[in-house]
Amino acid sequence: MNKIYIPFTIGMYYEEVEFEVEVLNDRIIGYDSYLYVGNNFKDIEIELIFYWDILVCILIKSTKEIERYNTDDYLVIKNYYIKSDVKIQNLVVSSIVSM
């Protein structure tokens with residue numbers, strides 16, 4: 001079965017998604033968090049975390065539909081799938097564990 005590719009990549013610029021996101025409360029001080037609300041992924045919740053307009057983390061909240069997506073290179077913590085820059089990974093994991 002072919003899985004759906006998630007097109008966000010670490011290092012991409014905010015301008016590439018600025019019209020498809022809504023501002024969230026920042027998960028990590030000094031980083032900007034956004035909820036992806038574009039039409040492509042209505043069945044999963046994707047949070048994008050940027051630092052100085054550069055994507056440093058993709059955070060997907062697990063749902064039963066997650067199996068349809070290619071998440072092979074994501075770290076799984078609790079009910080979240082995480083792909084991030086190494087520098088921020090500990091901060092993201094800490095924010096999830098403390099929830």
Shared hydrophobic cluster, Ile4 / Ile6 (ILVMFWY, side-chain heavy atoms < 4.5 Å) = yes

Where Thr9 and Leu55 come nearest, the two heavy atoms and their spacing | O-CD2, 3.4 Å

When hydrophobic residues are tied together by side-chain contacts of less than 4.5 Å, even through go-betweens, does Tyr36 share a cluster with Leu59?
-> no

Provide the closest heavy-atom pair for Asn25 versus Ser33 in the form atom of the first, atom of the second, distance.
-> O-CB, 3.8 Å

Indicate, with yes or no, if the rings of Tyr81 and Tyr69 have centres closer together than 6.0 Å.
-> no

Pairing residues for Asp73 by the salt bridge (Lys or Arg N to Asp or Glu O under 4.0 Å) criterion, not counting sequence neighbours = Lys83

Between Ser62 and Ile66, the two heavy atoms sitting closest are OG-CG2, 3.8 Å

List, by chain and then residue number, the residues other than Leu24 in its hydrophobic cluster (Ile/Leu/Val/Met/Phe/Trp/Tyr, side-chain heavy atoms under 4.5 Å); write none if there are no others.
-> Leu35, Val37

Please answer: with hydrophobic residues joined when any side-chain heavy atoms are less than 4.5 Å apart, are Leu48 and Ile77 in the same cluster?
-> no

Qualifying ring-ring contact (aromatic ring centres under 6.0 Å, His included) pairs, either residue in residues 13-32, two or more places apart = Tyr14-Tyr34, Tyr14-Phe50, Tyr31-Tyr51

Shortest non-hydrogen pair, Leu75 vs Val93, comes out as CD2-CG2, 4.2 Å

Residue pairs involving residues 43-65 (criterion salt bridge (charged side-chain N to carboxylate O under 4.0 Å, His left out); sequence neighbours excluded) | Arg27-Glu47, Asp43-Arg68

Answer with yes or no whether the hydrophobic clustering places Ile60 together with Val76; edges join I, L, V, M, F, W, Y residues whose side-chain heavy atoms lie under 4.5 Å apart.
-> yes

Hey, are the side chains of Ile82 and Ile96 touching, using non-hydrogen atoms and a 4.5 Å cut-off?
-> yes

Transitively linked via ILVMFWY side-chain contacts under 4.5 Å: Ile49 with Trp52?
-> yes

Minimum heavy-atom separation for Met12 to Val17, with atom names?
-> CE-CG1, 3.9 Å

Between CD1 of Ile54 and CD1 of Ile10, what distance do you get to the nearest 0.5 Å?
-> 11.0 Å

Closest non-hydrogen atom pair between Phe8 and Ile58, with its separation = O-CD1, 3.4 Å

